[in-house]
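Heads up, the thing below is written out as structure tokens.
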Amino acid sequence: MLVYPSGVDVSSSALRFLAARLREHRRALGTRWRRLNAGRQALLTLAHLRNGQPYAQLAAGFGVGTTTAYRYITEAVNLLAALAPTLTEAVRAASAKAYVILDGTLLPIDRIAADRPFYSGKHKKHGMNVQVIADPKGRLMWASPALAGAVHDVRAAREHGIIEALAEADITCWADKGYQGAGGTVRLPYRGRWDSLSTGQQAVNRSHAKIRALVEQAIATLKSWRLLRKLRCSTTRITSLVQAVLVLQLVATG
């Protein structure tokens, strides 16, 4: 396999943060020597998450075996995922905001047509449903554990306890029509054909759309980590990957 120099468009603060966590983890385990030091292991993990490169290619570039690359990346991802903010912590941070924006996104996976629980009728593809909370500037604040793609957004929000948590904290939340019937503090646009809405309702929907559009920035931020654009791993690992990316993104923008 040919090996060539490449780059990863991730902030140095994310690299330093992950490397520091790995050093702490190694000290706790009493690890004396490994093929890659903590900094190189952190870089290996960032390259995998950001560029979505397979383990074999990364292993060749870093001069380790494929199994070693997999083990190092999995270890780092699990460390990061454990640091992800909980919904309670996210709501506490959101209480200082004027409002938040809620939306769901589908992370595509390589599943066949027979895997119906993972098939999203809305997106016409297989994937995992992840709920995203953004602040009024469209910055990513929180991402939920992943559910099967067949789960609708409002059901996912209820299962995660998002609607109840926001209502208890009295935080206004803007969302699209996919959250119809959510209740609580969730604000939705008026339903119906555009020409059947009154002038006032149309004005409200225009304003609503402008506010809600900002959540697309948060979703785009999440998917700028290319691994999440087409996941080929076990569905049981996707939540850890999403939480790891969330932590890295919060560190980079914090």
Side-chain angles (χ1 to χ4, degrees), residues 4-19 21 39 41-55 57-58 61-62 69 72-74 76-85 90 93-94 97 100-110 120 122-123 125-147 149 153 156 174-176 211-233 235 237-254:
Y4 64 95
S6 184
V8 184
D9 56 339
V10 179
S11 70
S12 57
S13 60
L15 177 64
R16 291 194 297 269
F17 176 84
L18 179 53
R21 302 292 80 74
Q41 183 181 355
L43 184 59
L44 170 70
T45 304
L46 293 179
H48 177 64
L49 294 174
R50 190 66 169 186
N51 295 337
Q53 291 176 299
Y55 299 114
Q57 292 181 6
L58 290 170
F62 281 80
Y72 280 5
I73 291 171
T74 300
V77 165
N78 290 341
L79 276 176
L80 288 170
L83 299 174
K97 310 291 183 182
V100 296
I101 315 168
L102 173 65
D103 200 2
T105 187
L106 188 80
L107 302 181
I109 59 175
D110 58 343
S120 168
K122 175 182 177 181
H123 297 91
K125 63 177 69 173
H126 293 80
M128 301 294 285
N129 180 301
V130 172
Q131 298 293 299
V132 172
I133 294 178
D135 70 8
K137 294 184 178 180
R139 294 175 297 198
L140 182 65
M141 295 186 67
W142 183 78
S144 74
L147 296 176
D153 284 338
W174 298 79
D176 63 19
I211 294 173
R212 202 196 64 76
L214 293 172
V215 76
E216 298 300 331
Q217 296 180 22
I219 292 175
T221 296
L222 194 66
K223 292 187 176 180
S224 66
W225 298 80
R226 298 176 186 88
L227 184 70
L228 300 183
R229 296 180 188 176
K230 185 65 173 181
L231 290 154
R232 295 177 173 83
C233 62
T235 55
R237 295 190 57 235
I238 293 177
T239 291
S240 294
L241 292 170
V242 171
Q243 298 299 308
V245 166
L246 172 64
V247 170
L248 290 170
Q249 193 59 46
L250 292 176
V251 168
T253 58

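- For the atom pair CD1 of I101 and CD1 of I211, the computed distance is 7.5 Å after rounding to the nearest 0.5 Å.
- Atom-to-atom distance recorded for S13:OG and L248:CG is 9.5 Å, nearest 0.5 angstrom.
- The line from CE of M128 to OG1 of T235 is 5.0 Å long, rounded to the nearest 0.5 Å.
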(request) Test side-chain contact (heavy atoms from CB on, under 4.5 Å) on V100 and M141 and set out the steps. (result) CA-CA 9 Å; V100 296; M141 295 186 67; 4.3 Å; yes
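- Of all non-hydrogen atoms in A14 and L46, the two that sit nearest each other are C-CD1, 4.4 Å.
- By the 4.5 Å heavy-atom criterion applied to side chains, W174 and V215 are not counted as neighbours.
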(request) Determine, step by step, whether V10 and L15 satisfy the side-chain contact (heavy atoms from CB on, under 4.5 Å) criterion, reporting the C-alpha distance in whole Å, the side-chain angles of both residues, the deciding distance to 0.1 Å, and the verdict. (result) CA-CA 8 Å; V10 179; L15 177 64; over 6 Å; no
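- With a 4.5 Å cut-off on side-chain heavy atoms, L246 and P85 count as touching.
- Ion pair D110/K230 not flagged as a salt bridge, since none of the NZ, NE, NH1 or NH2 atoms sits closer than 4.0 Å to an Asp/Glu carboxylate oxygen.
- Nearest approach of K125 to L106, heavy atoms of both residues: CG-CD2, 3.4 Å.
- With D103 as the fixed residue, the side-chain contact (heavy atoms from CB on, under 4.5 Å) test singles out one of L214, D176, I133: D176.
- Distance alone, capped at 3.5 Å, is enough to place a donor-acceptor pair between the S144 side chain and the Q131 backbone.
- The two residues V132 and A218 come nearest to each other via the heavy atoms CG1-CB, 4.0 Å.
- Nearest heavy atom pair, residue V77 against residue S240, reads CG1-O, 3.7 Å.
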(message) Using the rule given for side-chain contact (heavy atoms from CB on, under 4.5 Å), can you reason through F17 versus L83, listing the C-alpha separation, both sets of side-chain angles and the distance that settles it, and then say yes or no?
(response) CA-CA 12 Å; F17 176 84; L83 299 174; 3.8 Å; yes
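- Looking at R50, its side chain does come within 3.5 Å of a backbone N or O of D9 through a donor-acceptor pair.
- The one candidate from Y72, Y55, W225 that meets the ring-ring contact (aromatic ring centres under 6.0 Å, His included) condition with H48 is Y55.
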(message) One pair to check against side-chain contact (heavy atoms from CB on, under 4.5 Å): V130 and L228. What are the steps and the verdict?
(response) CA-CA 11 Å; V130 172; L228 300 183; over 6 Å; no
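- Scanning both residues, D153 and G104, for their nearest heavy atoms gives OD1-CA, 3.6 Å.
- Looking at heavy atoms from C-beta onward, V245 lies out of side-chain contact with L227 at the 4.5 angstrom threshold.
- Residue P136 comes nearest to K97 through the heavy atom pair CD-CB, 4.1 Å, listed as atom of the first residue, atom of the second, then distance.
- Looking at heavy atoms from C-beta onward, L107 lies in side-chain contact with K223 at the 4.5 angstrom threshold.
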